[in-house]
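Worksheet: one structure, shown below.
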Amino acid sequence: MSEKADIKVLLVDDEETLLEYLSKRLLREGFTVKATFSGEEAVAVADENAFDVAVVDLKMPGMDGVETQKQLKKIQPYLQCIVLTGHGAIDTALESGRHEAFEYLLKPIEYDTLVGTIKKAYEQKTQVQNAKFREEVEDIYRSGRGARGIKKAIGKLRNIYGID
Amino acid sequence: MESTDHQQQPKEFPRELPESTLGPAAAGELLQCVLQNTNDLVFVTDADDIIVSVSKTAEEILGYEREKIRGQHPKELAGDSEEFERMTAVLFEEGTVNRSDFPFRHADGHLVYCDVSFVALKDAKGTSTGCVVIARDITEWKNFQEELIRVDRLAEVGRTVSGTVHEINNPLAVINEISGWMEVVVSDSEGLNEDDRADLKTSIAKLLEQASRCRNIARQMLGFVRDTGPSGDSFDLHELLKNSVSFIFPELKSKDVEVLFDLMEGPLQMHSEPRMLEQVFVNLLTNAIHAIDEKGDGAGSIQINTRLEETSVVISFVDNGTGIAPKDQKKIFELFYTTKPSGKGTGLGLPICRNIIHKLGGAIHVESAFWKGATFVVRIPLRR
(Lines give C-alpha, C1' and ligand atoms only; values in the text may rest on other atoms or scores of the structure.)
Protein backbone atom coordinates (compact mmCIF):
# COMPACT_ATOMS: atom_id res chain seq x y z
CA MET A 1 0.00 0.00 0.00
CA SER A 2 3.04 2.20 0.02
CA GLU A 3 2.18 3.62 -3.41
CA LYS A 4 -0.85 5.34 -1.84
CA ALA A 5 0.68 6.20 1.46
CA ASP A 6 1.54 9.72 0.46
CA ILE A 7 -1.71 10.68 -1.29
CA LYS A 8 -3.34 13.33 0.82
CA VAL A 9 -7.09 13.52 0.27
CA LEU A 10 -9.47 16.24 1.43
CA LEU A 11 -13.11 15.15 1.57
CA VAL A 12 -15.90 17.75 1.53
CA ASP A 13 -19.53 16.63 1.95
CA ASP A 14 -22.33 17.61 4.32
CA GLU A 15 -23.45 13.98 4.61
CA GLU A 16 -21.43 13.25 7.76
CA THR A 17 -22.12 9.54 8.15
CA LEU A 18 -21.15 8.94 4.55
CA LEU A 19 -17.85 10.76 5.02
CA GLU A 20 -17.16 8.99 8.28
CA TYR A 21 -17.23 5.59 6.61
CA LEU A 22 -15.64 6.73 3.39
CA SER A 23 -12.72 8.18 5.41
CA LYS A 24 -12.33 4.97 7.40
CA ARG A 25 -12.10 2.92 4.24
CA LEU A 26 -9.68 5.27 2.52
CA LEU A 27 -7.51 5.50 5.65
CA ARG A 28 -7.40 1.74 5.92
CA GLU A 29 -6.22 1.55 2.35
CA GLY A 30 -3.37 3.88 3.19
CA PHE A 31 -4.55 7.29 2.06
CA THR A 32 -4.06 10.30 4.27
CA VAL A 33 -7.55 11.63 4.73
CA LYS A 34 -9.14 14.73 6.18
CA ALA A 35 -12.94 14.90 6.29
CA THR A 36 -14.67 18.27 6.30
CA PHE A 37 -18.40 18.85 6.36
CA SER A 38 -18.72 22.17 4.57
CA GLY A 39 -16.99 24.25 1.92
CA GLU A 40 -16.01 26.83 4.52
CA GLU A 41 -14.41 24.21 6.76
CA ALA A 42 -12.55 22.72 3.79
CA VAL A 43 -11.10 26.08 2.78
CA ALA A 44 -9.98 26.74 6.38
CA VAL A 45 -8.30 23.32 6.56
CA ALA A 46 -6.63 23.79 3.16
CA ASP A 47 -5.15 27.04 4.43
CA GLU A 48 -3.16 25.05 6.99
CA ASN A 49 -2.39 21.75 5.24
CA ALA A 50 -1.33 20.71 1.74
CA PHE A 51 -3.50 18.16 -0.14
CA ASP A 52 -3.13 16.31 -3.41
CA VAL A 53 -6.77 15.59 -4.19
CA ALA A 54 -10.04 17.05 -2.96
CA VAL A 55 -13.36 15.19 -3.29
CA VAL A 56 -16.09 17.82 -3.20
CA ASP A 57 -19.86 17.37 -3.12
CA LEU A 58 -21.55 19.78 -5.51
CA LYS A 59 -24.68 20.41 -3.48
CA MET A 60 -23.98 21.65 0.02
CA PRO A 61 -25.62 24.23 2.21
CA GLY A 62 -23.56 27.40 2.42
CA MET A 63 -20.61 27.39 0.04
CA ASP A 64 -21.46 25.02 -2.81
CA GLY A 65 -19.08 22.62 -4.53
CA VAL A 66 -18.20 24.88 -7.46
CA GLU A 67 -17.26 27.77 -5.18
CA THR A 68 -15.39 25.51 -2.75
CA GLN A 69 -13.39 24.14 -5.65
CA LYS A 70 -12.48 27.65 -6.82
CA GLN A 71 -11.36 28.68 -3.34
CA LEU A 72 -9.32 25.53 -2.83
CA LYS A 73 -7.58 26.03 -6.19
CA LYS A 74 -6.74 29.57 -5.21
CA ILE A 75 -4.94 28.36 -2.08
CA GLN A 76 -3.36 25.25 -3.64
CA PRO A 77 -3.14 25.62 -7.42
CA TYR A 78 -1.97 22.03 -8.06
CA LEU A 79 -4.70 20.44 -5.98
CA GLN A 80 -6.96 18.26 -8.17
CA CYS A 81 -10.68 18.33 -7.46
CA ILE A 82 -13.13 15.50 -7.99
CA VAL A 83 -16.69 16.83 -7.91
CA LEU A 84 -19.61 14.63 -6.88
CA THR A 85 -22.95 15.50 -8.43
CA GLY A 86 -26.47 14.18 -8.14
CA HIS A 87 -28.38 12.67 -11.04
CA GLY A 88 -29.59 15.42 -13.38
CA ALA A 89 -27.31 18.11 -11.96
CA ILE A 90 -24.36 17.09 -14.09
CA ASP A 91 -25.06 19.56 -16.89
CA THR A 92 -25.11 22.52 -14.54
CA ALA A 93 -22.02 21.17 -12.86
CA LEU A 94 -20.16 20.88 -16.15
CA GLU A 95 -21.26 24.32 -17.20
CA SER A 96 -20.19 26.05 -14.02
CA GLY A 97 -16.89 24.37 -13.42
CA ARG A 98 -15.83 22.87 -16.71
CA HIS A 99 -12.20 23.89 -16.59
CA GLU A 100 -11.76 23.50 -12.89
CA ALA A 101 -12.50 19.93 -11.94
CA PHE A 102 -10.34 16.92 -12.69
CA GLU A 103 -13.45 14.72 -12.93
CA TYR A 104 -17.15 14.66 -12.21
CA LEU A 105 -18.58 11.59 -10.57
CA LEU A 106 -22.26 10.80 -10.40
CA LYS A 107 -23.70 10.14 -6.96
CA PRO A 108 -24.11 7.68 -5.43
CA ILE A 109 -20.45 6.94 -6.02
CA GLU A 110 -18.93 3.52 -6.49
CA TYR A 111 -16.09 3.16 -4.02
CA ASP A 112 -13.74 1.51 -6.52
CA THR A 113 -14.41 4.20 -9.12
CA LEU A 114 -13.67 6.85 -6.54
CA VAL A 115 -10.40 5.25 -5.49
CA GLY A 116 -9.37 4.86 -9.14
CA THR A 117 -10.21 8.48 -9.85
CA ILE A 118 -8.33 9.72 -6.78
CA LYS A 119 -5.22 7.85 -7.99
CA LYS A 120 -5.54 9.30 -11.49
CA ALA A 121 -6.04 12.77 -10.06
CA TYR A 122 -2.93 12.31 -7.95
CA GLU A 123 -0.89 11.32 -11.01
CA GLN A 124 -2.16 14.36 -12.83
CA LYS A 125 -1.24 16.55 -9.91
CA THR A 126 2.31 15.24 -9.65
CA GLN A 127 2.80 15.51 -13.41
CA VAL A 128 1.64 19.11 -13.59
CA GLN A 129 3.58 19.96 -10.48
CA ASN A 130 6.78 18.26 -11.63
CA ALA A 131 6.57 19.91 -15.02
CA LYS A 132 6.25 23.28 -13.36
CA PHE A 133 9.08 22.39 -10.97
CA ARG A 134 11.40 21.42 -13.84
CA GLU A 135 10.50 24.59 -15.66
CA GLU A 136 11.46 26.71 -12.70
CA VAL A 137 14.61 24.66 -12.10
CA GLU A 138 15.64 25.33 -15.69
CA ASP A 139 14.89 29.00 -15.17
CA ILE A 140 17.25 28.94 -12.20
CA TYR A 141 20.01 27.26 -14.21
CA ARG A 142 19.55 29.80 -16.99
CA SER A 143 19.70 32.61 -14.48
CA GLY A 144 23.48 32.13 -14.40
CA ARG A 145 23.75 31.82 -10.63
CA GLY A 146 26.72 30.04 -9.16
CA ALA A 147 26.42 26.43 -7.95
CA ARG A 148 25.72 27.46 -4.41
CA GLY A 149 23.04 29.92 -5.48
CA ILE A 150 21.38 27.25 -7.65
CA LYS A 151 21.35 24.66 -4.87
CA LYS A 152 19.77 27.16 -2.51
CA ALA A 153 17.10 28.24 -5.04
CA ILE A 154 16.20 24.62 -5.84
CA GLY A 155 15.96 23.79 -2.17
CA LYS A 156 13.47 26.62 -1.87
CA LEU A 157 11.46 25.29 -4.80
CA ARG A 158 11.41 21.81 -3.27
CA ASN A 159 9.76 23.30 -0.25
CA ILE A 160 7.21 25.17 -2.33
CA TYR A 161 6.27 22.12 -4.38
CA GLY A 162 6.65 19.61 -1.62
CA ILE A 163 9.04 17.54 -3.73
CA ASP A 164 11.83 15.60 -1.99
CA MET B 1 -91.26 37.57 -35.11
CA GLU B 2 -88.81 40.24 -35.93
CA SER B 3 -85.61 40.62 -34.04
CA THR B 4 -86.48 44.16 -32.99
CA ASP B 5 -89.38 42.73 -31.02
CA HIS B 6 -86.91 40.59 -29.07
CA GLN B 7 -84.86 43.60 -28.19
CA GLN B 8 -87.82 45.64 -27.04
CA GLN B 9 -89.31 42.87 -24.97
CA PRO B 10 -86.42 40.59 -24.16
CA LYS B 11 -87.96 38.95 -21.08
CA GLU B 12 -91.64 38.63 -21.72
CA PHE B 13 -91.94 37.82 -25.35
CA PRO B 14 -90.29 34.43 -25.62
CA ARG B 15 -92.34 33.00 -22.79
CA GLU B 16 -95.66 34.01 -24.18
CA LEU B 17 -97.36 31.41 -26.24
CA PRO B 18 -96.97 32.71 -29.76
CA GLU B 19 -99.84 32.68 -32.15
CA SER B 20 -98.83 29.75 -34.22
CA THR B 21 -98.85 29.91 -37.96
CA LEU B 22 -99.39 26.18 -37.87
CA GLY B 23 -102.76 24.70 -37.20
CA PRO B 24 -103.12 23.11 -33.75
CA ALA B 25 -102.73 19.62 -35.14
CA ALA B 26 -99.54 20.40 -37.06
CA ALA B 27 -98.09 22.24 -34.05
CA GLY B 28 -98.83 19.26 -31.84
CA GLU B 29 -97.17 16.94 -34.33
CA LEU B 30 -94.08 19.13 -34.52
CA LEU B 31 -93.82 19.18 -30.72
CA GLN B 32 -94.15 15.40 -30.56
CA CYS B 33 -91.49 15.08 -33.21
CA VAL B 34 -89.11 17.25 -31.17
CA LEU B 35 -89.85 15.38 -27.95
CA GLN B 36 -89.39 12.07 -29.69
CA ASN B 37 -85.98 12.94 -31.07
CA THR B 38 -84.19 15.33 -28.76
CA ASN B 39 -81.22 13.98 -26.82
CA ASP B 40 -82.16 16.00 -23.77
CA LEU B 41 -84.64 15.34 -21.04
CA VAL B 42 -87.56 17.70 -21.73
CA PHE B 43 -90.71 18.08 -19.61
CA VAL B 44 -93.57 20.43 -20.21
CA THR B 45 -95.91 20.97 -17.28
CA ASP B 46 -99.32 22.50 -17.19
CA ALA B 47 -100.64 25.25 -14.88
CA ASP B 48 -101.05 22.67 -12.08
CA ASP B 49 -97.38 21.59 -12.37
CA ILE B 50 -98.30 18.25 -13.80
CA ILE B 51 -96.07 16.87 -16.56
CA VAL B 52 -98.05 16.81 -19.79
CA SER B 53 -95.31 16.18 -22.32
CA VAL B 54 -91.98 14.45 -21.96
CA SER B 55 -89.17 13.60 -24.35
CA LYS B 56 -88.38 10.02 -25.31
CA THR B 57 -84.87 10.35 -23.82
CA ALA B 58 -86.42 10.63 -20.35
CA GLU B 59 -87.06 6.89 -20.50
CA GLU B 60 -83.36 6.24 -20.78
CA ILE B 61 -82.26 8.81 -18.24
CA LEU B 62 -84.91 8.16 -15.59
CA GLY B 63 -85.75 4.53 -16.27
CA TYR B 64 -89.55 5.06 -16.45
CA GLU B 65 -91.76 4.74 -19.49
CA ARG B 66 -93.06 8.02 -20.83
CA GLU B 67 -96.62 7.14 -19.88
CA LYS B 68 -95.54 6.76 -16.25
CA ILE B 69 -93.80 10.13 -16.27
CA ARG B 70 -96.76 11.96 -17.71
CA GLY B 71 -99.16 12.98 -15.00
CA GLN B 72 -96.40 13.14 -12.34
CA HIS B 73 -95.24 16.26 -10.58
CA PRO B 74 -91.59 17.02 -11.52
CA LYS B 75 -90.84 17.24 -7.80
CA GLU B 76 -91.51 13.51 -7.51
CA LEU B 77 -88.65 12.88 -9.93
CA ALA B 78 -86.21 15.22 -8.19
CA GLY B 79 -83.37 13.70 -6.19
CA ASP B 80 -83.18 16.71 -3.92
CA SER B 81 -86.66 18.01 -3.09
CA GLU B 82 -85.46 20.90 -0.92
CA GLU B 83 -83.30 22.24 -3.71
CA PHE B 84 -86.25 21.71 -6.04
CA GLU B 85 -88.43 23.92 -3.80
CA ARG B 86 -85.80 26.64 -3.85
CA MET B 87 -85.61 26.45 -7.63
CA THR B 88 -89.37 26.67 -7.93
CA ALA B 89 -89.33 29.82 -5.80
CA VAL B 90 -86.72 31.39 -8.08
CA LEU B 91 -88.68 30.27 -11.13
CA PHE B 92 -91.80 31.95 -9.75
CA GLU B 93 -89.87 35.19 -9.08
CA GLU B 94 -87.69 35.43 -12.14
CA GLY B 95 -89.39 33.26 -14.73
CA THR B 96 -86.34 31.10 -15.25
CA VAL B 97 -83.80 29.12 -13.22
CA ASN B 98 -80.67 27.12 -14.08
CA ARG B 99 -78.61 24.60 -12.12
CA SER B 100 -75.47 22.99 -13.48
CA ASP B 101 -75.74 19.78 -11.45
CA PHE B 102 -79.22 19.02 -10.24
CA PRO B 103 -79.98 15.41 -9.29
CA PHE B 104 -82.99 13.47 -10.59
CA ARG B 105 -83.82 10.09 -9.16
CA HIS B 106 -83.69 7.13 -11.52
CA ALA B 107 -86.40 4.45 -11.24
CA ASP B 108 -83.84 2.11 -9.63
CA GLY B 109 -82.99 4.70 -6.97
CA HIS B 110 -79.62 6.10 -8.07
CA LEU B 111 -79.14 9.80 -8.75
CA VAL B 112 -78.75 11.18 -12.24
CA TYR B 113 -77.01 14.54 -12.24
CA CYS B 114 -78.21 16.95 -14.91
CA ASP B 115 -77.55 20.42 -16.15
CA VAL B 116 -81.11 21.80 -15.90
CA SER B 117 -82.95 24.86 -16.99
CA PHE B 118 -86.55 25.72 -16.02
CA VAL B 119 -88.50 28.32 -17.93
CA ALA B 120 -91.98 29.46 -16.86
CA LEU B 121 -94.60 29.75 -19.58
CA LYS B 122 -97.25 32.46 -19.65
CA ASP B 123 -100.08 33.25 -21.96
CA ALA B 124 -100.65 36.67 -23.54
CA LYS B 125 -102.40 37.93 -20.38
CA GLY B 126 -99.47 36.96 -18.20
CA THR B 127 -101.18 34.01 -16.57
CA SER B 128 -98.91 31.07 -15.81
CA THR B 129 -99.55 28.08 -18.02
CA GLY B 130 -96.80 25.82 -16.66
CA CYS B 131 -93.16 25.47 -17.41
CA VAL B 132 -90.56 23.79 -19.61
CA VAL B 133 -87.78 21.80 -18.01
CA ILE B 134 -84.77 20.92 -20.12
CA ALA B 135 -82.12 18.72 -18.57
CA ARG B 136 -78.94 17.14 -19.87
CA ASP B 137 -77.39 14.11 -18.19
CA ILE B 138 -73.91 15.04 -16.95
CA THR B 139 -73.18 11.87 -14.96
CA GLU B 140 -70.27 10.98 -17.22
CA TRP B 141 -68.86 14.48 -17.07
CA LYS B 142 -69.18 14.44 -13.29
CA ASN B 143 -67.36 11.12 -13.03
CA PHE B 144 -64.79 12.46 -15.37
CA GLN B 145 -64.27 15.52 -13.19
CA GLU B 146 -63.84 13.36 -10.10
CA GLU B 147 -61.37 11.23 -11.98
CA LEU B 148 -59.53 14.33 -13.16
CA ILE B 149 -59.08 15.37 -9.56
CA ARG B 150 -57.73 11.92 -8.77
CA VAL B 151 -55.42 12.01 -11.79
CA ASP B 152 -54.24 15.45 -10.81
CA ARG B 153 -53.38 14.16 -7.36
CA LEU B 154 -51.45 11.29 -8.91
CA ALA B 155 -49.65 13.73 -11.18
CA GLU B 156 -48.70 15.73 -8.11
CA VAL B 157 -47.28 12.58 -6.56
CA GLY B 158 -45.33 12.10 -9.78
CA ARG B 159 -43.94 15.59 -9.59
CA THR B 160 -42.77 15.11 -6.02
CA VAL B 161 -41.33 11.66 -6.73
CA SER B 162 -38.26 13.02 -8.44
CA GLY B 163 -37.29 15.04 -5.36
CA THR B 164 -38.05 12.11 -3.10
CA VAL B 165 -35.96 9.74 -5.16
CA HIS B 166 -33.02 12.14 -5.00
CA GLU B 167 -33.41 12.18 -1.23
CA ILE B 168 -33.51 8.39 -1.07
CA ASN B 169 -30.22 8.28 -2.95
CA ASN B 170 -28.38 9.88 -0.03
CA PRO B 171 -29.17 7.31 2.66
CA LEU B 172 -28.64 4.63 0.02
CA ALA B 173 -25.13 5.92 -0.54
CA VAL B 174 -24.54 5.76 3.21
CA ILE B 175 -25.80 2.17 3.41
CA ASN B 176 -23.53 1.33 0.52
CA GLU B 177 -20.53 2.94 2.14
CA ILE B 178 -21.08 1.30 5.53
CA SER B 179 -21.52 -2.10 3.86
CA GLY B 180 -18.26 -1.51 2.02
CA TRP B 181 -16.53 -0.68 5.27
CA MET B 182 -17.90 -3.80 6.96
CA GLU B 183 -16.65 -5.87 4.08
CA VAL B 184 -13.14 -4.54 4.57
CA VAL B 185 -13.21 -5.06 8.34
CA VAL B 186 -14.62 -8.59 8.09
CA SER B 187 -12.01 -9.55 5.50
CA ASP B 188 -9.12 -8.33 7.66
CA SER B 189 -10.36 -9.26 11.12
CA GLU B 190 -8.13 -11.75 12.90
CA GLY B 191 -10.50 -12.82 15.67
CA LEU B 192 -13.15 -14.34 13.39
CA ASN B 193 -13.47 -18.03 12.69
CA GLU B 194 -13.59 -18.76 8.98
CA ASP B 195 -17.21 -19.95 8.90
CA ASP B 196 -18.39 -16.73 10.49
CA ARG B 197 -16.20 -14.70 8.18
CA ALA B 198 -17.67 -16.43 5.12
CA ASP B 199 -21.19 -15.99 6.45
CA LEU B 200 -20.69 -12.31 7.18
CA LYS B 201 -19.11 -11.74 3.80
CA THR B 202 -22.07 -13.35 2.03
CA SER B 203 -24.49 -11.27 4.08
CA ILE B 204 -22.66 -8.06 3.29
CA ALA B 205 -22.50 -8.97 -0.40
CA LYS B 206 -26.29 -9.37 -0.29
CA LEU B 207 -26.67 -6.00 1.42
CA LEU B 208 -24.60 -4.40 -1.32
CA GLU B 209 -26.60 -6.20 -3.98
CA GLN B 210 -29.89 -4.96 -2.51
CA ALA B 211 -28.57 -1.41 -2.21
CA SER B 212 -27.54 -1.50 -5.82
CA ARG B 213 -31.01 -2.78 -6.73
CA CYS B 214 -32.56 0.18 -4.91
CA ARG B 215 -30.27 2.48 -6.83
CA ASN B 216 -31.38 1.00 -10.13
CA ILE B 217 -35.02 1.40 -9.19
CA ALA B 218 -34.40 5.00 -8.16
CA ARG B 219 -32.62 5.71 -11.41
CA GLN B 220 -35.40 4.22 -13.48
CA MET B 221 -38.04 6.05 -11.48
CA LEU B 222 -36.29 9.30 -12.31
CA GLY B 223 -36.24 8.36 -15.96
CA PHE B 224 -39.93 7.55 -15.88
CA VAL B 225 -41.15 10.69 -14.14
CA ARG B 226 -39.01 13.05 -16.14
CA ASP B 227 -41.09 15.70 -17.81
CA THR B 228 -43.10 14.05 -20.56
CA GLY B 229 -43.91 17.20 -22.47
CA PRO B 230 -44.46 16.55 -26.15
CA SER B 231 -41.05 17.16 -27.63
CA GLY B 232 -40.66 14.58 -30.36
CA ASP B 233 -37.47 12.61 -30.48
CA SER B 234 -35.55 10.12 -32.55
CA PHE B 235 -34.88 6.88 -30.72
CA ASP B 236 -34.43 3.15 -31.09
CA LEU B 237 -37.75 1.44 -30.40
CA HIS B 238 -36.06 -1.83 -29.48
CA GLU B 239 -33.98 -0.17 -26.83
CA LEU B 240 -37.08 1.60 -25.50
CA LEU B 241 -38.91 -1.74 -25.25
CA LYS B 242 -35.98 -3.27 -23.38
CA ASN B 243 -35.85 -0.29 -21.03
CA SER B 244 -39.56 -0.65 -20.34
CA VAL B 245 -39.05 -4.30 -19.48
CA SER B 246 -36.15 -3.55 -17.17
CA PHE B 247 -38.26 -0.86 -15.49
CA ILE B 248 -40.67 -3.53 -14.24
CA PHE B 249 -38.00 -6.18 -13.82
CA PRO B 250 -38.58 -6.48 -10.04
CA GLU B 251 -42.23 -7.33 -10.63
CA LEU B 252 -41.41 -9.76 -13.43
CA LYS B 253 -38.97 -11.50 -11.14
CA SER B 254 -41.24 -11.68 -8.11
CA LYS B 255 -44.14 -13.06 -10.19
CA ASP B 256 -41.83 -15.38 -12.11
CA VAL B 257 -42.80 -14.03 -15.51
CA GLU B 258 -40.48 -14.50 -18.46
CA VAL B 259 -40.21 -11.90 -21.23
CA LEU B 260 -39.32 -13.16 -24.69
CA PHE B 261 -38.24 -10.72 -27.35
CA ASP B 262 -39.00 -11.57 -30.94
CA LEU B 263 -37.82 -8.34 -32.50
CA MET B 264 -36.84 -7.38 -36.01
CA GLU B 265 -33.13 -7.47 -36.50
CA GLY B 266 -31.04 -4.52 -35.39
CA PRO B 267 -32.16 -1.20 -33.99
CA LEU B 268 -35.48 0.28 -35.11
CA GLN B 269 -35.07 4.02 -35.38
CA MET B 270 -38.24 6.09 -35.23
CA HIS B 271 -39.34 9.61 -34.49
CA SER B 272 -42.12 9.92 -31.95
CA GLU B 273 -42.58 10.44 -28.22
CA PRO B 274 -40.36 7.92 -26.40
CA ARG B 275 -41.47 8.90 -22.88
CA MET B 276 -45.14 8.54 -23.74
CA LEU B 277 -44.58 5.25 -25.49
CA GLU B 278 -42.61 3.98 -22.54
CA GLN B 279 -45.61 4.79 -20.36
CA VAL B 280 -47.83 2.73 -22.68
CA PHE B 281 -45.41 -0.19 -22.77
CA VAL B 282 -44.98 -0.26 -19.01
CA ASN B 283 -48.75 -0.15 -18.61
CA LEU B 284 -49.35 -3.04 -21.02
CA LEU B 285 -46.59 -5.10 -19.43
CA THR B 286 -47.95 -4.44 -15.94
CA ASN B 287 -51.44 -5.51 -17.04
CA ALA B 288 -49.97 -8.68 -18.53
CA ILE B 289 -48.17 -9.49 -15.29
CA HIS B 290 -51.44 -9.05 -13.36
CA ALA B 291 -53.30 -11.29 -15.78
CA ILE B 292 -50.62 -13.97 -15.46
CA ASP B 293 -50.57 -13.65 -11.69
CA GLU B 294 -54.35 -13.96 -11.54
CA LYS B 295 -54.28 -17.12 -13.60
CA GLY B 296 -51.65 -18.39 -11.22
CA ASP B 297 -50.55 -21.57 -12.99
CA GLY B 298 -46.89 -20.55 -13.20
CA ALA B 299 -44.89 -20.54 -16.42
CA GLY B 300 -45.98 -16.98 -17.16
CA SER B 301 -44.57 -15.45 -20.28
CA ILE B 302 -44.89 -12.24 -22.25
CA GLN B 303 -43.73 -12.20 -25.83
CA ILE B 304 -42.90 -8.91 -27.51
CA ASN B 305 -42.80 -8.80 -31.31
CA THR B 306 -42.05 -5.97 -33.68
CA ARG B 307 -42.65 -5.80 -37.40
CA LEU B 308 -42.97 -3.11 -40.03
CA GLU B 309 -46.12 -2.48 -41.99
CA GLU B 310 -45.72 0.23 -44.60
CA THR B 311 -44.83 3.41 -42.66
CA SER B 312 -45.81 2.07 -39.27
CA VAL B 313 -44.31 -0.25 -36.74
CA VAL B 314 -46.55 -2.89 -35.20
CA ILE B 315 -45.69 -4.06 -31.69
CA SER B 316 -47.47 -7.04 -30.14
CA PHE B 317 -47.48 -7.95 -26.47
CA VAL B 318 -48.58 -11.57 -26.19
CA ASP B 319 -49.18 -12.89 -22.68
CA ASN B 320 -50.47 -16.23 -21.42
CA GLY B 321 -52.51 -14.82 -18.54
CA THR B 322 -56.24 -15.04 -17.92
CA GLY B 323 -57.19 -13.37 -21.16
CA ILE B 324 -60.16 -11.05 -21.43
CA ALA B 325 -63.79 -12.18 -21.52
CA PRO B 326 -65.54 -11.22 -24.76
CA LYS B 327 -67.98 -8.96 -22.90
CA ASP B 328 -65.07 -7.01 -21.41
CA GLN B 329 -63.05 -6.72 -24.59
CA LYS B 330 -65.12 -3.88 -25.96
CA LYS B 331 -65.07 -2.01 -22.70
CA ILE B 332 -61.49 -2.21 -21.48
CA PHE B 333 -60.54 0.96 -23.31
CA GLU B 334 -63.43 2.86 -21.73
CA LEU B 335 -62.60 5.31 -19.01
CA PHE B 336 -63.15 3.88 -15.48
CA TYR B 337 -63.95 0.38 -16.69
CA THR B 338 -61.92 -2.10 -14.70
CA THR B 339 -61.96 -5.84 -14.23
CA LYS B 340 -59.60 -5.66 -11.30
CA PRO B 341 -60.92 -5.87 -7.73
CA SER B 342 -62.02 -2.52 -6.37
CA GLY B 343 -59.12 -0.44 -5.15
CA LYS B 344 -56.71 -2.29 -7.45
CA GLY B 345 -57.59 -0.88 -10.82
CA THR B 346 -58.43 2.71 -11.65
CA GLY B 347 -59.87 2.03 -15.08
CA LEU B 348 -57.45 4.64 -16.32
CA GLY B 349 -54.48 2.72 -17.65
CA LEU B 350 -55.78 1.48 -20.98
CA PRO B 351 -57.86 4.58 -21.83
CA ILE B 352 -54.75 6.67 -21.27
CA CYS B 353 -52.72 4.25 -23.40
CA ARG B 354 -55.27 4.57 -26.15
CA ASN B 355 -55.27 8.36 -25.89
CA ILE B 356 -51.49 8.45 -26.15
CA ILE B 357 -51.42 6.10 -29.11
CA HIS B 358 -54.13 8.07 -30.90
CA LYS B 359 -52.23 11.26 -30.19
CA LEU B 360 -49.20 9.74 -31.86
CA GLY B 361 -51.33 8.87 -34.89
CA GLY B 362 -51.46 5.16 -34.11
CA ALA B 363 -53.96 2.54 -33.01
CA ILE B 364 -54.24 -0.09 -30.31
CA HIS B 365 -56.47 -3.15 -30.10
CA VAL B 366 -56.72 -6.41 -28.23
CA GLU B 367 -57.16 -10.00 -29.37
CA SER B 368 -58.01 -12.55 -26.74
CA ALA B 369 -59.68 -15.84 -26.06
CA PHE B 370 -60.76 -16.18 -22.47
CA TRP B 371 -58.29 -18.10 -20.30
CA LYS B 372 -55.92 -18.29 -23.26
CA GLY B 373 -54.04 -15.04 -22.73
CA ALA B 374 -54.29 -11.71 -24.47
CA THR B 375 -52.46 -9.98 -27.29
CA PHE B 376 -52.30 -6.21 -27.33
CA VAL B 377 -51.34 -4.84 -30.72
CA VAL B 378 -49.98 -1.32 -30.96
CA ARG B 379 -49.43 0.35 -34.29
CA ILE B 380 -47.45 3.59 -34.44
CA PRO B 381 -46.27 5.64 -37.41
CA LEU B 382 -42.48 5.60 -37.71
CA ARG B 383 -42.49 9.36 -38.04
CA ARG B 384 -44.87 11.73 -36.37
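Just so it is clear: chains get the letters A, B, ... in the order the sequence lines come, proteins before strands, and each one is counted from 1.
Atoms CZ and CD1, on A:Arg25 and B:Ile178 in that order, are 11.0 Å from each other to the nearest 0.5 Å. How far OH of A:Tyr21 is from OG of B:Ser179: 10.0 Å, rounded to the nearest 0.5 Å. One finds the CG atom of A:Leu18 at 5.5 Å from the CD atom of B:Glu177 (value rounded to the nearest 0.5 Å).
Every residue meeting the ring pair (Phe, Tyr, Trp, His ring centres under 6.0 Å) condition with B:Phe281, not counting sequence neighbours, appears here in chain and number order: B:Phe317. Partners of B:Asp188 under the salt bridge (charged side-chain N to carboxylate O under 4.0 Å, His left out) rule, at least two apart in sequence or in another chain, are A:Arg28.
The number of heavy-atom neighbours closer than 6.0 Å to CG of B:Asp256, taken from other residues, nucleotides and ligands shown, is 12 or below. Open room surrounds CD on B:Glu239; 12 or fewer heavy atoms of other groups in view lie less than 6.0 Å from it. Within 6.0 Å of NZ on A:Lys24 lie more than 12 heavy atoms contributed by other residues, nucleotides or ligands.
Only the side chain of A:Glu110 comes within contact range of chain B, judged by heavy atoms closer than 4.5 Å.
Ranked by heavy-atom pairs under 4.5 Å with chain B, the list A:Ile109, A:Thr17, A:Leu22 is led by A:Leu22.
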